Amino acid sequence: MSQGGKVEIVQTTPYEGQKPGTSGLRKKVKVFTQPNYTENFVQCTLDANGAALDGSTLVVGGDGRFYCKEAAELIVRIAAANGVSKLLVGQNGILSTPAVSSLIRHNKALGGIVLTASHNPGGPENDFGIKFNTENGGPAPDAFTNHIHKLSTEIKSYKLVRGLQIDIGKVGETSYTVDGKPFVVEVIDSVANYVRHMEQIFDFGKLRDFVSGKSNGKPLKMRIDSMNGVTGAYVREIFLNRLGAAEASVVHTTPLPDFGGLHPDPNLTYAKDLVDTVAKGDYDIGAAFDGDGDRNMIIGSKAFFVTPSDSLAVIAHYLEVIPYFQKNGVHGFARSMPTASAVDLVGKKLGKEVFEVPTGWKYFGNLMDVGRLCLCGEESFGTGSDHIREKDGIWAVLAWISVMQHTGKSIEDILKQHWSVYGRNYFTRYDYEECDLEPCNEMMATMEKNITAADFAGKSFSSGGKTYKVKQADNFNYTDPVDKSVATKQGLRIVFEDGSRIVMRLSGTGSSGATVRLYIDSYEKENVLGQASVMLKPLIDIALEISQLPKFTGRTAPTVIT
Ligand code: VG1
Ligand code: CO
């Protein structure tokens with residue numbers, strides 16, 4: 001079926017604040033649905049590609065949250081008017097973030113538009129988001145998003161093919177003629193390409209035998225919680241249909257526009273249902289994902305918690321049990337600055353390069369593109385590899401099941417053995433969500449001034465019978481080893497003589513107000529079986545004292561502890 005359409009130029013005026021944060025632009029749905037708000041941002045995003053946009057292919061899809069489908073259809077109409085040749089759109093607008101990354105790479109697309117606010121709640125009263133990923137499949141770098149922001153302050157009009165007949169509910173290809181030029185929309189199965197990709201990375205036959213119990217006489221008891229986010233469809237196909245797990249192994253697998261009221265952030269607070277269920281002892285592994293499927297939380301039997309920093313280190317240690325790495329080799333590792341440095345120890349032992357980058361997956365891409373990095377992670381429940389350029393929740397669970405299959409051990413035993421070899425990085429993160437922005441900015445400025453003063457290094461702080469001496473303190477700056485681009489002011493960091501660290505930064509993914517993140521990390525070579533909350537208490541108290549957080553924010557307790 002071929003239809004026609006005419007490009008219309010619509011006058012508009014700029015909106016303030018269309019500045020993408022850590023990972024795209026995130027605002028309340030009510031902000032995105034203001035007249036021309038989404039249109040402006042999409043037009044600027046397309047324009048930021050310059051001449052390359054003409055005749056290009058783009059991928060469009062999102063996590064199925066409220067306003068996703070409408071936004072996807074709007075993007076089709078705007079892209080049609082801007083010289084794009086072809087759009088690959090997930091059915092009903094649904095694609096997980098890792099699936100978008102995979103599709104961009106497999107189709108050699110110019111990029112993709114991801115409709116998600118990730119781990120932020122959805123629904124008419126909550127958040128929506130738009131993110132652009134470039135041709136390597138990863139989130140656009142700072143220079144690109146700064147360009148989008150600049151364009152958004154100058155925009156005068158956008159282009160649209162109004163009334164283009166589109167049905168993204170049905171898989172199939174539709175050809176159009178827009179002002180005499182061809183334009184194609186291919187609506188694709190949301191899941192198929194991604195599942196094929198996972199099959200090329202892992203040994204599904206082996207995993208199936210392990211999950212079903214064929215290989216060791218004992219089926220793997222798993223509980224996978226999609227938290228009503230986008231992973232539901234992927235989880236059902238992979239874990240039930242391909243790996244043969246029982247239906248009861250998966251829950252909350254229908255993507256809902258408001259995530260059924262859940263806060264789709266896989267941590268001990270928001271995935272409490274999973275934690276409580278697995279705590280009863282009937283499962284070998286529990287896992288949860290965020291709204292758009294790039295985050296993962298792994299827990300073992302009786303809800304034994306694996307910190308994301310440890311998860312990264314364990315996967316690094318066993319990487320060669322995964323066929324993809326047997327074939328492609330193991331290159332360097334990386335973590336974001338606030339992530340505990342457990343993976344560094346594995347890298348050192350294996351003789352691999354290890355990189356420390358700012359928070360946000362966009363900083364890993366260049367290193368992967370030049371082959372210096374094959375596995376990386378963030379403390380915020382992100383783990384991934386160079387198979388794509390996003391973190392990948394389902395990939396991480398498949399990696400963990402591969403490690404369990406290979407070792408024949410429980411998750412707790414795998415961790416304990418890891419700590420006995422490498423020592424343990426105790427880690428915790430305190431989040432203070434929805435604080436007022438002004439006092440938080442003041443707190444950060446004051447703290448930066450204090451910790452960068454000439455006499456701060458060398459100072460000692462004591463609490464709970466422990467004393468820590470400051471070795472170095474700064475606001476983290478990063479120079480990309482590949483393109484030499486510089487990212488400044490990426491988080492306040494105090495490093496002590498024994499390697500323990502206090503890190504503090506403001507979140508760049510919230511939609512309003514400020515979220516303060518306080519990260520505490522402390523290494524023990526021998527004393528590896530302690531309780532993190534007890535071990536880290538002295539450092540937490542010291543961090544609160546140095547930052548004067550209670551005074552500035554008025555908060556006496558964090559909203560989330562992980
Ligand atoms: C948070 C995490 C960061 C992660 C980012 C995007 O950013 O800390 O590690 O990359 O979210 O994850 P911030 O700026 O709020 O600390 V996702 O799953 O929300 O795309
Ligand atoms: Co996410």
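When a ligand or atom number is given, it counts from 1 through the structure's own listing order. Here the structure is a predicted model, which is why all the values come from computation and not from measurement.
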Open item on the list: Taking K537 first and then D541, would you say they form a salt bridge - that is, a charged N and a carboxylate O separated by under 4.0 Å?
Closed with: yes

Open item on the list: Donor-acceptor check, side chain of R65 to backbone of N120, threshold 3.5 angstrom: yes or no?
Closed with: yes

- [ ] Give a yes or no on whether a salt bridge exists between K28 and E125, defined as a side-chain N under 4.0 angstrom from a carboxylate O.
- [x] no

- [ ] List, ordered by chain and residue number, the protein residues whose closest non-hydrogen atom lies under 4.0 Å from any atom of ligand 1.
- [x] T22, S23, R26, S118, H119, D290, D294, R295, T359, G360, E378, S380, K391, R429, R505, S507, G508, T509, R517

Open item on the list: Treating N296 as the side-chain partner and G393 as the backbone partner, does any N or O pair qualify as donor plus acceptor under 3.5 Å?
Closed with: no

Task: Ion pair check, R501 and D521, cut-off under 4.0 Å - done: yes

Task: Contacts of F128 that satisfy ring-ring contact (aromatic ring centres under 6.0 Å, His included) - sequence neighbours left out - done: F32, Y67

Open item on the list: Just to verify, what does T22 make a side-chain contact (heavy atoms from CB on, under 4.5 Å) with, not counting sequence neighbours?
Closed with: T359, R505, T509

- [ ] Show all protein N/O/S atoms under 2.8 Å from the Co ion (ligand 2), or state that there are none.
- [x] S118 OG, D290 OD2, D292 OD1, D294 OD1

TODO: For the pair R493 and E356, find out whether any cationic side-chain nitrogen is under 4.0 Å from an anionic carboxylate oxygen.
DONE: yes

- [ ] Answer yes or no: is there an ion pair linking D225 with R223, defined by an N-O contact shorter than 4.0 Å?
- [x] no

